[in-house]
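When a residue number appears, it is its place in the shown sequence, counting from 1. Side chains included, hydrogens not; waters and symmetry mates left out as well; all remaining heavy atoms used.
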Amino acid sequence: MLNLGLDILGLARFQFGMTTVFHFFFVPFSIGLAFVVAVMETMYAIKGDEDYKKMAQFWGKMFLYSFAVGVVTGIIQEFQFGMNWSEYSRFMGDIFGAPLAIEALAAFFMESTFIGMWMFTWDRFNKWVHTLFIWLVMFGSSLSALWILAANSFMQNPLGYIINQQTGHVQMVSFGAVLSNPQLWSEFPHVIFGAFVTASFVIAGCAAWRLLKKDHVTFYRKSLNVALVIGLIFSLGSIASGDIQSRYLINNQPMKFAAMEGLYKDSTNKGEWAAIAGFDNKQHKTTWSVDVPYVLNLLSYHKTTGTIKGMNTINKELHAKYDKKYGNDINYYVPTKTLFWSFRIMSGAGALFALLAIVGLIFNRKKSQLIMSQRWFLYILGLCLWLPFIVNTAGWFITEFGRYPWVVYGLLTIADAVSPNVSVASLLTSNIIYFLMFAGMGVVMIVLCHRTLKAGPDIENTDGYAAGDTDLDPYSKGAFNHD
């Protein structure tokens, strides 16, 4: 089209990547905020300190914004399967349908029901009952993530299926095998811990900017403490779960692991780990690197000895395994530079989050004013509120790009999954429309959060009604009198 070099597969992949990345900005943020707000309200229920109630209400507003945008972007994302990936939908429908149906009918309904009860019933229930509502919201959002990741894990590591000989599509024979997939249970904790870290450091960053302005110092210092304690715990948990997940990939998706470590050739027993490196993806070789001996083995096997297969070796093995069915012209090399640097961004940020949390908690000790004099640290913490979104995107890149060229690993290629009846014109048009929609929603989200921060924690609307109406029974006759 117009000699721009555009093709259906490339545009379909770009559209799915764009919608998924934007949706994934809000999913971890929403899950994490539900958890942090639940912790804050629990502290209010235990201590009776009104500051914690005010914190739950204030940061809960940002949770509601993120939840709303996450729902909208999730609906748009689902259109992808029918619009651009109909062959994938046909092939995977029997597997993908079950966890998505459970996610919608159970987890999402639970989440959306109790989020409404939590929003509109402040001071109308016992504080412990009201706290239960937000914990149920958090539990429902985590269950939603579990069912979505169950479907994704099948795509990474297919289990519990047979190929229907009449249709050629996968057919579920064991729901238990799908749910007990080792890929799922290495992936799920890492995603959830990352969500908690995301919310923690967004709250910490927002609090840092307000402390720089000396605005509601007591409120934001308490918010900062809660956020950094949660951030420290789960940044360490995220590092540990990430280690488990990456070690799982050595045998399950060796090409992905080799690309994460920048290995075109098999490693030696010295286990040289490339801290940074340059690559020639066309020639399939590393052009330069800064290596640290034995670190690769320590990361991979937790010992100083061992070897890792390089991408060149793995490529030969995959051709030997799949050429008879798929032909010998498939490229099994994944985007090495993307995976290599995404992995370093993700792992480096995990260590940085833990360090920031430790330093912040030391500076923000009770009865100490040190945090207020360390403006350099508050600036760093304020800037780091954007870092979790970059890290989550890097993790998504590793998960999805590392599966190339498969949509369902070993069973369906990306090229075979795209819809046969879409056109370059329709894809280009929908790409532009979706991009403008996402940009608009992103701007609205940022503006709403910024206005909430500027308004401060003292402007509260505890029951969802206008000021002065809080004593009005919404079901009384007077509630419907407009005179």
Check your understanding: Within 45° of the ring axis of Phe279 and under 6.0 Å from its six-membered ring centre, is that where the NZ or CZ of Lys285 lies?
Key -> no
Under 3.5 Å side-chain donor-acceptor pair for [X] and [Y]:
X: Glu103; Y: Ser144; result: yes
X: Ser430; Y: Gln15; result: yes
X: Gln171; Y: Asn164; result: yes
X: Trp406; Y: Gln156; result: no
X: Tyr161; Y: Ser174; result: no
X: Thr307; Y: Asp266; result: no
X: Tyr248; Y: Asn157; result: yes
X: Ser300; Y: Asn297; result: no

Considering non-hydrogen atoms only, spot the tightest contact between [X] and [Y] and give its length.
X: Val170; Y: Asp94; answer: O-CB, 3.6 Å
X: Leu232; Y: Ala357; answer: CB-CB, 3.6 Å
X: Ser235; Y: Val197; answer: N-CG2, 3.4 Å
X: Glu187; Y: Asn152; answer: OE2-OD1, 3.3 Å
X: Ala12; Y: Val418; answer: CB-CG2, 3.9 Å
X: Gly402; Y: Leu339; answer: CA-CD2, 3.6 Å

Q) Passes side chain to side chain contact (heavy atoms under 4.5 Å, CB included), Ile31 versus Ile192? Steps please. A) CA-CA 8 Å; Ile31 294 172; Ile192 293 299; 4.3 Å; yes
Tested for ring-ring contact (aromatic ring centres under 6.0 Å, His included) against His130, the lone hit among Trp122, Phe114, Phe120 is Trp122
(message) Is it true that, when you exclude Trp128 itself, more than 12 heavy atoms of the residues, nucleotides or ligands shown sit nearer than 6.0 Å to its CH2?
(response) yes
How about CZ on Phe139, more than 12 heavy atoms from neighbouring residues, nucleotides or ligands closer than 6.0 Å, or not? no
Examine distances only and state if a side-chain atom of [X] and a backbone atom of [Y] form a donor-acceptor pair shorter than 3.5 Å.
X: Ser426; Y: Val422; value: no
X: Arg13; Y: Gly17; value: no
X: Tyr409; Y: Asn252; value: no
X: Ser30; Y: Ser66; value: no
X: Gln165; Y: Ile163; value: yes
X: Thr73; Y: Gly70; value: yes
X: Ser186; Y: Ile244; value: no
X: Trp185; Y: Leu179; value: yes
X: Tyr326; Y: Thr413; value: no
X: Ser200; Y: Leu228; value: no

Roughly how far apart are [X] [atom1] and [Y] [atom2], rounded to 0.5 Å?
X: Met260; Y: Phe340; atom1: CE; atom2: CZ; value: 11.0 Å
X: Phe196; Y: Phe234; atom1: CZ; atom2: CZ; value: 5.5 Å
X: Asn431; Y: Phe16; atom1: CG; atom2: CZ; value: 13.0 Å
X: Gln253; Y: Arg403; atom1: CD; atom2: CZ; value: 7.5 Å
X: Phe257; Y: Leu299; atom1: CZ; atom2: CG; value: 7.5 Å
X: Leu149; Y: Met155; atom1: CG; atom2: CE; value: 11.5 Å

Measure the shortest side-chain to side-chain distance between [X] and [Y] over non-hydrogen atoms and say whether it is less than 4.5 angstrom.
X: His169; Y: Phe91; answer: yes
X: Phe133; Y: Phe125; answer: yes
X: Val191; Y: Asn392; answer: no
X: Phe401; Y: Lys256; answer: no
X: Ile432; Y: Thr429; answer: no
X: Trp135; Y: Phe35; answer: yes
X: Thr313; Y: Lys265; answer: no
X: Met311; Y: Leu263; answer: no

Arg344 with Glu261: basic N within carboxylate O range, under 4.0 Å
yes
| said: Looking at Glu317 and Lys309, is there a salt bridge between them, counting it only when a charged N and a carboxylate O are closer than 4.0 Å? | reply: yes
side-chain hydrogen bond (donor to acceptor under 3.5 Å, both in side chains) test vs Tyr264 passes for just one of Thr286, Asn281, Asp280, namely Asn281
Item to complete: Show the numbers, then the answer: is there a ring pair (Phe, Tyr, Trp, His ring centres under 6.0 Å) between Tyr404 and Tyr333?
Response: CA-CA 7 Å; Tyr404 183 87; Tyr333 287 98; over 10 Å; no
**OP:** May I have the step-by-step check of side-chain hydrogen bond (donor to acceptor under 3.5 Å, both in side chains) for Trp59 and Ser223, ending in yes or no?
**Re:** CA-CA 9 Å; Trp59 299 111; Ser223 295; 3.0 Å; yes
Paired with Thr393, the side-chain contact (heavy atoms from CB on, under 4.5 Å) test is passed by just one of Thr20, Ile345, Ile398, Val21, namely Val21
- prompt: Taking the six-membered ring for Trp, are Phe26 and Tyr65 ring centroids under 6.0 Å apart?
  reply: no
Show, in sequence, the C-alpha distance, side-chain angles and deciding distance for Val391 and Trp396, and conclude whether the side chain to side chain contact (heavy atoms under 4.5 Å, CB included) test is met. CA-CA 9 Å; Val391 174; Trp396 183 86; over 6 Å; no
- request: Could you give me the CA-CA distance, side-chain angles and deciding distance for Phe438 and Phe435, then say whether side chain to side chain contact (heavy atoms under 4.5 Å, CB included) is met?
  value: CA-CA 5 Å; Phe438 293 150; Phe435 178 81; 5.7 Å; no
